[in-house]
Chemist: 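The structure that follows is given in the form of structure tokens.
Computed over heavy atoms, backbone and side chain alike; hydrogens, waters and symmetry mates excluded. We count ligands from 1, going down the list as the structure has it; atoms in each ligand are counted the same way.
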Amino acid sequence: MSELERLRTLYGQLDGKELLAAMAAEFPGSLAITSSFGAEAVVLLDLVAQVDKSLPVLFLDTNELFDETIAYRDEVIAKLGLTGVRVVRPTKEELAAAEDLWRSDPDQCCHLRKVLPLERAQAGFKALVDGRKRFHGGGREDISTIEQSVDGVIKISPLASWSQERIEAAFTERNLPRHPLVAQGYRSIGCWPCSSPTKAGDPIRAGRWAGGAKTECGIHRTSK
Ligand code: SF4
């Protein structure tokens, strides 16, 4: 039985806080959370705070984030008492090579600003937790709560099966702060050049790389 099969057999029926707690116990010292501190990120981070406020949280600062995201990150860290947030950045060389690349080659821009820095930051971690959800669509409709990345890291998505209603309920019940750009129509928030407000009824991630075929940045490549 592979490691992925073993974990799915033991924990495949869990989600949310129960799954996160089980995985933190399964991977002591070698589990990290990745978070964009975007529109719904605080829901997962709230679960992290309930399980262990000191768990490592990897925050990718691509140098192209909204100022509002940086301010919101600090607000969320203070509100939840998170002590393990690590800011992950591209190198000077990667930033120089990625200059304005989002206009001409967004895949390479994401590779330089996100994929390579995260590869370095995740060294030593056996499991990475993320906030992906099936209802976001755009290729996420069939994600499982426990997957494996193409480089062998176990990927945990405790909110994979959560509905939009359940996410909204968590905001209300837990009195969680909203990203300031949500009020301006942004429902999925990444780098400023590649995030746009969407209309009611549009898919949630329709504002990401709007007008192009790209739907993902490349950090969630899984072998299922
Ligand atoms: S989301 Fe846009 S700006 Fe950010 S790394 Fe990807 S292509 Fe570059």
Chemist: After noting the C-alpha distance and the side-chain angles of Glu3 and Arg6, does the key distance pass the salt bridge (Lys or Arg N to Asp or Glu O under 4.0 Å) rule?
Modeler: CA-CA 5 Å; Glu3 172 77 339; Arg6 184 184 73 81; 3.1 Å; yes
Chemist: Could you please spell out the steps behind the salt bridge (Lys or Arg N to Asp or Glu O under 4.0 Å) verdict for Glu40 and Arg166?
Modeler: CA-CA 11 Å; Glu40 297 169 344; Arg166 194 168 174 194; over 6 Å; no
Chemist: By residue and atom, what protein N/O/S atoms are less than 2.8 Å from atom 8 (Fe) of ligand 1?
Modeler: Cys109 SG
Chemist: Quick one: do Arg187 and Glu168 make a salt bridge, cutoff under 4.0 Å?
Modeler: no
Chemist: Tell me if a side-chain donor or acceptor on Ser195 pairs with a main-chain N or O of Gly190 at a distance below 3.5 Å.
Modeler: yes
Chemist: Taking a hydrophobic cluster as the set of Ile, Leu, Val, Met, Phe, Trp and Tyr residues connected by side-chain heavy atoms closer than 4.5 Å, whether directly or through intermediates, do Tyr72 and Trp192 fall within one such cluster?
Modeler: no
Chemist: Could you tell me whether a side-chain N or O of Lys114 sits under 3.5 Å from a main-chain N or O of Thr62, the two making a donor and an acceptor?
Modeler: no
